[in-house]
Amino acid sequence: MGNGFFCMTKKDIRELGGSKNRSRSNVGRTSQRKMPAEEELLHRRALSMAIQQHQLSQRFEGGASMSRRHGSVSSRRLNPGGDSLANDKQQAVDLENFKTKKFVLVHGEGFGAWCWYKTIASLEEVGLLPIALDLVGSGIDQTDSNKVGTLADYSKPLINYLCDLPEDEKVILVGHSCGGASISYALEHYPTKISKAIFLCATMVLDGQRPFDVFAEQLGSVEIFLKESQSVVHANGKDKPPTSLMFEKQQMKALYFNQTPTKDVALAAVSMRPIPLGPLMEKLSLSHENYGTARKFFVQTLDDNALSADVQEKLVRENPPEGIFKIKGSDHCPFFSKPQSLHKILLEIAQIP
C-alpha cells in the first residue's frame, strides 16, 4: 500500500459521472452553490481518495507513498473573471517555453498529496508533469506521525525521489507552508536536481532557523506554545516531550481555510493528519553554496490567517528570493481557495529563463 500510485483517468471520471445520480456524498449536499460538472467530478474523486487515506492512516504500519494523477492533455485558457477550474476558456500553452516540465508538489504540515488535486488537474491539462508526494506520516503513508523525529525522516519520500532522478533531469519544487522546510532541505542536499524552488506561503528559513520560528508571531514562542497549547500531543506520556500537534476542526478552519470552499474544508476534515513536531522544531543547516545559490520564488497569500501578510513580507525581506508573486483573496491554501490564480503563477515561474 505504501508506495502505490493513485491514478485518475478519463475512464475514472466517466465512471464517476455514471454513478453521480446513484450516490451523493453528505459533503456535496452542504454546498450552497452548484459546482460545474467537471469540478464536481474531480472533487468527488478526491474526496473518495481522502476518505480511504483517512482510514489507512489509522494503521500506522510504516512505509512511504507517492500520489499521482494521470489524465489526458489539452489546452486551457486562464479565466480572469473567476477561479474555477471548469470555467476556463481555451488558450494554447507553448510547451517549448518550458525548459523543465516536471513539478514536484510538497504538501505542508498535516496535509498530504490529496490537497493538490486541483493543481494536478490544471497542470496536466496543459501538458505538464505534476507529481504530488506524501511525506512520512502524512496522507496515506502509514507511519505514525508521533514517531517522525527529524526533518530528514519526514522528507525521505522527496529525497528518495530526487535521488532516483536521472543525472540530466531537473524538477521544479513547490513547497506549501512547512513543506518549505522540506524543499529547503532538498535544495541543500540535491541542488543540481532542482531547477527552481517555489515557496507557497511557506517556511523559507535562514540557516539556523526552525520552521516553527516562522509561525511564532501567530502561535507564540516555542516554550509558551508547548506549555500552554491544547493541541499538543504527548504520545509517549505527559512526562515526556510532545510528539505531534493536531488542531481542532474549528481551529484548522480559522487558520487555514477562511476563504476555502465548503467542500474542500470537508475534504480536509477527513484527510488531515497530526503534525510531527520534530521536523518543526529542528534548526536547518543551510549553506550559501547550495541553498544560498538556488533559484527561489515566493508566492504570498494576502488573506492568510496562519502566516499573515506581514510575516510573509518579513520572510522575503530577510531572505530575498528571485521573484515574489501575490495572490489576493487567498487563505493559507490557495490550491483550494484560488486554484486558477496559483496555476497562472506556476506557469509564469516555470517559463522564466
Side-chain angles (χ1 to χ4, degrees), residues 1-6 49-68 104-116 131-163 173-186 189 202-203 210-212 214-215 219 225-226 229 231-237 240-249 251-252 255-256 267-284 306 332-333:
M1 299 296 294
N3 287 315
F5 285 82
F6 276 105
M49 289 168 58
I51 292 172
Q52 183 179 7
Q53 292 165 3
H54 178 68
Q55 293 169 341
L56 286 172
S57 72
Q58 309 306 309
R59 295 172 56 185
F60 302 134
E61 294 174 357
S65 61
M66 178 164 60
S67 284
R68 183 175 181 179
V104 178
L105 309 174
V106 182
H107 62 79
E109 69 284 357
F111 291 83
W114 55 269
C115 72
W116 297 105
I131 293 173
L133 303 175
D134 281 322
L135 300 181
V136 174
S138 307
I140 62 169
D141 180 90
Q142 297 174 38
T143 306
D144 185 344
S145 303
N146 293 291
K147 296 180 179 179
V148 183
T150 67
L151 183 60
D153 291 339
Y154 183 57
S155 305
K156 274 183 181 178
L158 173 59
I159 298 305
N160 290 343
Y161 179 83
L162 294 175
C163 184
L173 293 187
V174 184
H176 170 243
S177 197
C178 285
S182 292
I183 69 171
S184 296
Y185 183 83
H189 290 85
T203 50
R210 297 171 292 197
F212 185 91
V214 176
F215 294 91
L219 300 177
F225 178 77
L226 294 181
S229 176
S231 304
V232 171
V233 177
H234 292 260
N236 299 323
K240 303 291 185 181
T243 53
S244 67
L245 173 67
M246 189 65 185
F247 294 114
E248 296 292 333
K249 289 183 180 180
Q251 288 178 297
M252 285 194 294
L255 281 173
Y256 296 125
L267 172 62
V270 297
S271 307
M272 297 286 282
R273 295 273 301 276
I275 304 163
L277 269 179
L280 279 180
M281 301 301 176
E282 183 176 325
K283 293 182 179 180
L284 273 73
H332 197 57
C333 299

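Residue numbers count from 1 along this sequence.
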Using side-chain contact (heavy atoms from CB on, under 4.5 Å) as the criterion, list what pairs up with Ala186, not counting sequence neighbours.
Leu158, Ile159, Leu162, Leu173, Ile194

Residues two or more places apart in sequence or in another chain: which of them pass side-chain hydrogen bond (donor to acceptor under 3.5 Å, both in side chains) with Asp153?
Thr150

With rounding to the nearest 0.5 angstrom, report the CD to CG distance, Glu248 to Leu255.
12.0 Å

Determine the minimum heavy-atom distance between Leu277 and Pro242, stating which atoms define it.
CD1-CB, 3.6 Å

Within the distance-only criterion (no hydrogens, no angle test), does the side chain of Arg273 pair as donor or acceptor with the backbone N or O of Gly139 below 3.5 angstrom?
yes

Could you tell me whether the side chain of Val174 reaches within less than 4.5 Å of the side chain of Trp116, counting heavy atoms only?
yes

Under 3.5 Å donor-acceptor, Ser177 side chain and Ala202 backbone:
no

Test item: Glu282 side-chain N/O and Pro279 main-chain N/O as donor-acceptor pair under 3.5 Å
no

Tyr161 vs Ile131 side-chain heavy atoms within contact, under 4.5 Å:
yes

With His332 via ring pair (Phe, Tyr, Trp, His ring centres under 6.0 Å) - residues at least two apart:
His176, Tyr256

Would Phe111 and Ser271 count as a side-chain contact (heavy atoms from CB on, under 4.5 Å) here? Give the steps.
CA-CA 7 Å; Phe111 291 83; Ser271 307; over 6 Å; no

Of all residues at least two apart in sequence or in a different chain, which pass the side-chain hydrogen bond (donor to acceptor under 3.5 Å, both in side chains) check with Ser244?
Asn146

Tyr185: partners by ring pair (Phe, Tyr, Trp, His ring centres under 6.0 Å), with sequence neighbours left out
His189

What's the spacing between Met272 CE and Met252 CE if we round to 0.5 Å?
5.0 Å

Are His234 and Thr243 packed together at the side-chain level, in the sense that at least one heavy-atom pair is separated by less than 4.5 angstrom?
no

Would you mind reporting whether Phe215 and Cys178 have side-chain heavy atoms less than 4.5 Å apart?
yes

Please give me the minimum heavy-atom distance between Pro157 and Val136, naming the atom from each residue.
CD-CG2, 3.6 Å

Of all heavy-atom pairs between Ser184 and Leu284, which one has the smallest distance, and what is that distance?
CB-CD2, 3.8 Å

Find the distance between CE (Met281) and CG (Leu245) and round it off to the nearest 0.5 Å.
8.0 Å

Exam field: side chain Glu109 to backbone Ile275, donor-acceptor pair closer than 3.5 Å
no

Test side-chain hydrogen bond (donor to acceptor under 3.5 Å, both in side chains) applied to Ser182 - qualifying residues, sequence neighbours left out:
Ser155

So, taking the atom named CG in Leu133 and the one named CG in Leu105, what distance separates them when rounded to the nearest 0.5 Å?
8.0 Å

Could you grab the distance from atom CG of Asp134 to atom SG of Cys115, nearest 0.5 Å is fine?
9.0 Å

